[in-house]
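Fair warning: this is a prediction, and the values are worked out from it, not measured in the lab.
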Amino acid sequence: MKTAIFGQRLLFIGALFFCVVSTVPSASAQRKNHWLRQTDEAFFATEQALRIGEQVLAFQRCTGGWPKNIDMAAPLTDADLQGVLAEKSRRDDSTTDNGATTMQLSFLARLYRVTGDMRFRDAFRQGVEYLLSGQYASGGWPQFWPEMRDYQIHITYNDDAMVNTMTLLRDVADGNTPYDSGDLIDKSLRKRILRAFDKGVDCILRTQIFVDGEPTIWCQQHDRETFAPASARSYELPSFCSQESAAIVRLLMELPHPDARVKRAVHGAMKWFDTYKITGWRVVRDGNTRLVADVDAKPIWGRFYDLEHCAPYVCDRDGQPRRRLEEIGAERRNGYSWYNSHPAQLYPLYDAWAEHHDPKHKAAVSLSTRGANERGLFSVE
């Protein structure tokens, strides 16, 4: 599938996305990675930014990627640094999970824009090569590579891993800030990035779950050969997954020239979101996560819906799906996001997108809670 992604993007899309709250990581992850997520240009001229940049270089694996869940901005002692460098040859922990690699690449690009230090540019290019090396012939990306185990081989949408990868590649190819330094990449690399992005879009369309011939949404991960929904951790079963699917639809709506397949995919996903939104309930997270009846609550969605009945469920580490949060242990009940409002952010975007690109087939969707469908919240009808 050929998708032009370079050049000036549609202004109305850009304006709309500026106004919508983006998916953000957990509070603890934000604190840990605060400095790596800096965007203030003045910061990148400071000694602190240079120190962090040196440490980001040290943490980069021989693969070109980075491991996850490490505070790479915390000052390192000489002994710490030697320990980091001793692990540089690891090939089993480079990943795009939890924002790893894409976050470091963004930091290095910003640092190079300000300092012109070629080491940061070269490390950036090595990181982009890492991203390109992980793409399957089908167009999808796994969560870890080049060495992986168990479910890590699957095409991974979980925690927006593949969407984050594609978004970065698109922005690099487009020369969007902070990837607008003239020599950050060369023409040959840009062409490869464009091809990779197009293949990724094709993979997204091929993995979309169809029910009775109609497109719906996606699972957190899909088999790399059959494209079928696949399981990951014991509590992440093959399912309709609302949170990750919202990020996928957002990416598809950013395409400046969507073809008929993309339009059908977006319309179908939005129709599914609207059909299976949950109304009359809100989530309380106070150490005892639970759903509380509230007629004024805004719509939410289950993280997972089973593939047979399309009813939301929760799951403990025993791998047994259950309908109610109180039926699973406190560790998973409070340690995982079982309900979310991510699809709600798409509604105003979809209204403008559909009117511009395909008003004839626009799905009738609304965030109104009046008469909304509460089917399957606690029981299968």
Side-chain angles (χ1 to χ4, degrees), residues 23-26 29 32-33 36 59-70 72 87 90-106 126-170 196-197 199-204 206-209 217-248 250-251 303-304 315 317 319 335-337 340 342:
T23 300
V24 297
S26 67
K32 178 180 291 185
N33 296 313
L36 287 185
F59 276 103
Q60 188 175 27
R61 303 306 196 213
C62 64
T63 62
W66 282 265
K68 67 175 181 176
N69 299 340
I70 298 174
M72 298 182 187
E87 297 216 302
R90 287 189 62 172
R91 298 174 57 81
D92 63 349
D93 67 346
S94 298
T95 182
T96 55
D97 190 25
N98 291 358
T101 300
T102 54
M103 177 174 55
Q104 285 81 4
L105 287 174
S106 177
Q126 187 182 5
V128 171
E129 291 289 355
Y130 169 73
L131 294 181
L132 296 178
S133 74
Q135 188 175 33
Y136 291 134
S138 63
W141 275 269
Q143 191 178 59
F144 286 80
W145 71 90
E147 294 182 9
M148 56 190 80
R149 63 182 186 279
D150 303 325
Y151 62 84
Q152 292 175 353
I153 67 172
H154 295 317
I155 295 167
T156 303
Y157 298 123
N158 198 1
D159 292 332
D160 302 338
M162 183 164 150
V163 168
N164 287 342
T165 296
M166 291 181 62
T167 299
L168 182 139
L169 292 177
R170 177 201 63 196
F197 184 89
K199 287 176 62 178
V201 172
D202 186 64
C203 178
I204 286 173
R206 295 174 72 181
T207 50
Q208 189 170 22
I209 302 170
I217 60 171
W218 292 261
C219 185
Q220 281 187 330
Q221 45 282 313
H222 289 256
D223 188 278
R224 60 179 176 174
E225 296 180 356
T226 68
F227 300 109
S231 60
R233 289 172 289 190
S234 59
Y235 50 90
E236 295 171 330
L237 310 177
S239 315
F240 298 98
C241 301
S242 65
Q243 182 168 306
E244 282 73 13
S245 293
I248 292 171
R250 181 190 294 266
L251 179 66
R303 179 73 171 265
F304 301 130
C315 194
R317 292 187 183 274
Y336 198 76
S337 177
N340 71 94
H342 291 232

Donor-acceptor contact present, side-chain Q221 to main-chain A230, <3.5 Å: yes
side-chain hydrogen bond (donor to acceptor under 3.5 Å, both in side chains) between N340 and S242, worked out: CA-CA 8 Å; N340 71 94; S242 65; 3.0 Å; yes
side-chain hydrogen bond (donor to acceptor under 3.5 Å, both in side chains) partners for T95, two or more places apart: none
Check: S245 side chain, W218 main-chain N or O, donor-acceptor pair, under 3.5 Å: yes
Any I209 side-chain heavy atom under 4.5 Å of F240 side chain: yes
Counterpart residues, ring pair (Phe, Tyr, Trp, His ring centres under 6.0 Å), relative to F144 (two or more places apart): none
Distance, nearest 0.5 Å, that separates CD1 of I155 from CZ of R206: 8.5 Å
Derivation of the side chain to side chain contact (heavy atoms under 4.5 Å, CB included) call for I153 and R224: CA-CA 7 Å; I153 67 172; R224 60 179 176 174; 4.1 Å; yes
Verdict with supporting geometry, E87 and F59, side chain to side chain contact (heavy atoms under 4.5 Å, CB included): CA-CA 8 Å; E87 297 216 302; F59 276 103; over 6 Å; no
Nearest-0.5 Å distance, OH of residue Y157 to CE of residue M162: 4.0 Å
T63: side-chain hydrogen bond (donor to acceptor under 3.5 Å, both in side chains) partners, not counting sequence neighbours: S94
Heavy-atom donor-acceptor pair, R303 side chain to S337 backbone, under 3.5 Å: yes
4.5 Å side-chain heavy-atom contact, R233 and Y151: yes
Partner residues of Q220 under the side-chain hydrogen bond (donor to acceptor under 3.5 Å, both in side chains) criterion, sequence neighbours left out: N158, E244, Y336
NZ/NE/NH1/NH2 to OD/OE distance under 4.0 Å, D202 and K199: no
salt_bridge(R90, E147) N-O dist < 4.0 Å: no
Test item: T156 side-chain N/O and Q152 main-chain N/O as donor-acceptor pair under 3.5 Å: no
Set of residues satisfying side-chain hydrogen bond (donor to acceptor under 3.5 Å, both in side chains) with respect to D223, sequence neighbours excluded: T226
Side chain S133, main chain L131, donor-acceptor under 3.5 Å: no
S234 (side chain) donor-acceptor with R317 (main chain) under 3.5 angstrom: yes
Residues forming a ring pair (Phe, Tyr, Trp, His ring centres under 6.0 Å) with Y130, sequence neighbours excluded: W145
Donor-acceptor under 3.5 Å (Q135 side chain, L132 main chain): no
